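Throughout, a chain's letter reflects where its sequence line sits, starting with A, and its residues are numbered from 1. For clarity, every value in this text was computed on a predicted model and none was experimentally measured.
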Number of protein chains: 2
Amino acid sequence: MDTTQRTEQQRSADRRRRELLEAADRVVLRDGPGASMNAIAAEAGITKPILYRHFGDKGGLYAALAKRHTDALLDSLRAALDAPAERRERVEATLDTYLTAIEARPQVYRFLMHPAEGSPGDQGFDVGKHSAPLLRRMGEELAQVIEDRLDLGPGSHQLARVWGHGIVGMMHAAGDWWLGERPCSRAELVRSLADLLWGRLAAAGDRVGGPGF
Amino acid sequence: MDTTQRTEQQRSADRRRRELLEAADRVVLRDGPGASMNAIAAEAGITKPILYRHFGDKGGLYAALAKRHTDALLDSLRAALDAPAERRERVEATLDTYLTAIEARPQVYRFLMHPAEGSPGDQGFDVGKHSAPLLRRMGEELAQVIEDRLDLGPGSHQLARVWGHGIVGMMHAAGDWWLGERPCSRAELVRSLADLLWGRLAAAGDRVGGPGF
DNA sequence: CGTGCATGTTACTTGCGGTAACCCCAGTCT
DNA sequence: AGACTGGGGTTACCGCAAGTAACATGCACG
C-alpha cells in the first residue's frame, strides 16, 4: 500500500531521471561541456524547471552525468588491472584500456576532464572540488591496488598513494597530448609509458657529444 | 616623426596594458578564476570596453595573464633542470621547484590549471584550447631536454616526447593531490616521485600473503 | 581653426543559470 | 458526486556577466 505505492512512484521517477540523463548525454556529446540547460531540456522534450527539480542545479546534473561515465570507465580499468598476468602486462593492458576509451569517445573524455564546475555565481559549488574527480578516483584506486599487491617496505601507504596519483597523472597527460596530436600508434604509446615506469629513464646513458653533463 | 610617434604611442599602450594585467592579476588572485570583467575593470580604475579594446575578449585577457605566469614558472624550471649536477639531483630539484611554486601561490596555480571555467556560458572561449597550455609547454620543453641530453637509441624523438608529457603529467597530478590533502612533506613527495621514475615500481617484490599474484 | 585618432564613458543587447507562480489531471477521501 | 491533494508540467520572470554600439573628450598635426 503505502510502501508499494511509494516504490512505484520511486521507480517512475528513477526511470524519468535516467531518460533525462540520456538526453543530457546526447546533448553534451554533441555540443560539448558548454551545453546549456535549455538545450538539454529541449532534447529531453521538456523544460528547464524539471531538470532543476531532478538535479538541483547544473552542477548536480553534471555530477550525475560524470558519475555514470566515471563508473563505467573505472570498471573497465579494474578489469584490466585485475587480470591474471605478469605485472608489466597488466600495466600495459590498463594503459591500453584507458587510451582506447578516450580514443573511442573523445567528447565524453573532454567532458569528464573539464566539467567546468559551477561557473556563474559558482558560490553554490564547493571550491575545494575544483578539479576533475575522475583523476582523483583513479589515483586512489590505483594507490589501493599498489599498496595491496606490492611490498614497498616502510612508508608503503604514503608511497602507494603518491605513485597512484602520479601514474594516473602520467597516463592522463600523455593521453591528452596523444589524443590531440596523434604522433604515434596506441601500442607505441603504451610501450613508451611502460618503459618509463620500468626505469628506462634512469638507466639511459648520457648522450655523447652533447653539452657537458 | 611618424615612426617615433608611433613607437611613443606603442610604448604608452604597452605600459597601459601592463597596468591592466597587474590589476587583473590582483583581482584573479583575490576572487579566483571566476572574476568578472567588471571587477577587473573596476580594480584597474577604468571600465569594461577598454579591457575589450586591449585584449579582444575574456579569453584574450586570460591568455595574456596566463602567459606571464607560465613564462615565469618555466624560467624557474629551466634553471633547476639546467643546473650542473647529477641527473637524479636535477630531477629532484625540478620537482621541488615546481612544488614550491604551486605551494607558495596556489591561487595562481588554480588559475593556470583551470582557466576554462571562466563563468556562465563560457561561450566566449575557444573550445579547442580547452585545457591548460602550461602543461603542454612544460611537456614539450622537458621532451626537448630529454632528447638533447639522453641517449635513447632509435625512436628517441617520439620516446622523449611521450616521456616529457608523461613526467609533467605525473608531477602535475601528484602536486594537485598533494596540495589539496597535504599528506606528507614536500621533500617526501619529491623523493617518492623520483623513486617512481627511477624504476622502483618495477623493482618492487610481490607482497607475501596477499591475493595470489 | 578643424581634422584625425586614441582614450574613455554610458547605456544597451543577448544569453544563461536559477526561481516563482500558476496549471492540470489523476486519483482519494467523505 | 464533488472538494482536496499532490506529482508532472509550463510560462514568465529575475539577476548577472559577456560583449557592443554610440557618444564624449583630450591632444597632436596641417
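- Taking atom NZ on B/Lys48 and atom C1' on D/dA17, their separation rounds to 7 Å, with Å as the unit.
- Atom CZ in B/Arg17 sits roughly 13 Å away from atom P in C/dT7 (whole-Å rounding).
- A salt bridge is defined here as a Lys NZ or Arg NE, NH1 or NH2 lying under 4.0 Å from an Asp or Glu carboxylate O, and B/Glu92 with B/Arg87 fails to meet this definition.
- Counting only heavy atoms from C-beta on, A/Tyr52 has its side chain closest to C/dG17 among C/dG17, D/dT11, C/dT9.
- When rounded to the nearest whole Å, the span between CG of B/Leu51 and P of D/dA17 equals 15 Å.
- One atom, CG of B/Asp31, and another, C1' of D/dC16, lie 15 Å apart when rounded to the nearest Å.
- In this structure, of C/dT9, C/dG18, D/dT11, it is D/dT11 that holds the atom nearest to the side chain of A/Pro49.
- The side-chain contact (heavy atoms from CB on, under 4.5 Å) test applied to B/Val168 returns B/Leu135, B/Met138, B/Leu142, not counting sequence neighbours.
- Distance, A/Phe55 CZ to C/dG17 C1': 16 Å, rounded to whole Å.
- Evaluation of atom-type donor-acceptor distances gives no pair under 3.5 Å for the side chain of A/Lys58 against the base of C/dG18.
- Residues meeting the side-chain contact (heavy atoms from CB on, under 4.5 Å) test with B/Ala101, sequence neighbours left out: B/Leu73.
- Considering only residues two or more places apart in sequence or on other chains, A/Ala93 meets the side-chain contact (heavy atoms from CB on, under 4.5 Å) condition with A/Ala80.
- Every residue two or more places apart in sequence or in another chain that forms a salt bridge (Lys or Arg N to Asp or Glu O under 4.0 Å) with B/Glu141 is listed here: B/Arg78.
- Each of C/dG18, D/dA22, D/dG9 was ranked by its minimum atom distance to the side chain of B/Arg53; first place goes to D/dA22.
- The side chain of B/Thr47 places an N or O atom within less than 4.0 Å of a non-bridging phosphate oxygen (OP1 or OP2) of C/dT9.
- The distance between atom CD1 of A/Ile50 and atom P of C/dG17, rounded to the nearest whole Å, is 16 Å.
- Note on A/Ser36: only backbone sugar-phosphate atoms sit closer than 4.0 angstrom, heavy atoms only; bases stay farther off.
- Note on residues 31-45 of chain A: pairs passing salt bridge (Lys or Arg N to Asp or Glu O under 4.0 Å), not counting sequence neighbours, are A/Arg26-A/Glu43, A/Arg30-A/Glu43.
- A straight line from OH of B/Tyr62 to P of D/dA17 spans 12 Å, rounded to a whole angstrom.
- At its two ends the helix from C/dC1-D/dG30 to C/dT30-D/dA1 runs along axes set 30° apart, each axis drawn from five pairs and the angle rounded to 10°.
- Ring pair A/Tyr62/A/Phe55: centre-to-centre distance not below 6.0 Å.
- The listed nucleotides are D/dG9, C/dG8, D/dG19; the one nearest the side chain of A/Ile46 is D/dG9.
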